[in-house]
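Take a look at the structure set out below.
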Amino acid sequence: MRLTPGERVDVRYAPLPQNRLNHRLSRFAASFVAEPAAEGTKVTRTISIDFAPWIGWLLEPILRRHLPADVEREIRGAKERLERE
């Protein structure tokens with residue numbers, strides 16, 4: 001992870017040799033970008049996952065069904081944690 005204080009958090013797989021299997025199966029990048037808003041703070045969450053062709057046909061449909069709800073839970077959890085601190 002890379003933090004730009006007060007602005008964003010960028011997330012990627014740990015570099016090799018860690019996560020060798022993940023690196024073989026896919027490429028992953030995500031970010032939280034925070035910006036001031038009238039109601040407090042607006043957070044934009046971005047996720048990019050590119051699969052190796054031989055496994056993508058199986059995993060992409062599953063993630064398309066489940067990932068939106070997972071992201072919503074993640075955002076709610078982050079909001080709750082930030083509001084406690």
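Residues: numbered from 1 along the sequence shown. Values reported hereafter were calculated over all heavy atoms of this structure, with side chains retained and with hydrogens, waters and symmetry mates removed.
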Where do [X] and [Y] come nearest, in terms of heavy atoms and distance?
X: Gln18; Y: His23; value: O-CD2, 3.5 Å
X: Asn19; Y: Ala14; value: ND2-N, 3.4 Å
X: Glu74; Y: Phe32; value: OE2-CZ, 3.2 Å
X: Leu25; Y: Trp54; value: CD2-CH2, 3.3 Å
X: Gly56; Y: Pro61; value: O-CD, 4.0 Å
X: Leu58; Y: Ile62; value: O-CD1, 3.5 Å

Practice task
Would you mind checking if Asp10 and Arg8 are paired as a salt bridge, meaning a charged N to carboxylate O distance below 4.0 Å?
Solution key: yes

Handout entry: Arg64 and Glu60 ion-paired at < 4.0 Å
Key = yes

[atom2] on [Y] to [atom1] on [X], rounded to 0.5 Å:
X: Ser31; Y: Arg2; atom1: OG; atom2: CZ; result: 10.0 Å
X: Glu72; Y: Leu67; atom1: CD; atom2: CG; result: 10.5 Å
X: Glu35; Y: Thr41; atom1: CD; atom2: OG1; result: 9.5 Å
X: Leu59; Y: Phe51; atom1: CG; atom2: CZ; result: 4.5 Å

Practice task
For the pair Val33 and Thr46, evaluate side chain to side chain contact (heavy atoms under 4.5 Å, CB included) and give the outcome as yes or no after the intermediate values.
Solution key: CA-CA 8 Å; Val33 176; Thr46 304; 5.9 Å; no

Handout entry: Verify same cluster id: Leu21, Val11 (apolar side-chain graph, 4.5 Å)
Key = yes

Practice task
Answer yes or no: is there a side-chain heavy-atom contact under 4.5 Å between Leu63 and His66?
Solution key: no

Handout entry: Backbone N/O of Pro17 and side chain of Arg20: donor-acceptor pair under 3.5 Å
Key = yes

Problem - Heavy atoms from other residues, nucleotides or ligands near CZ of Arg45 exceed 12 (cutoff 6.0 Å) - result: yes

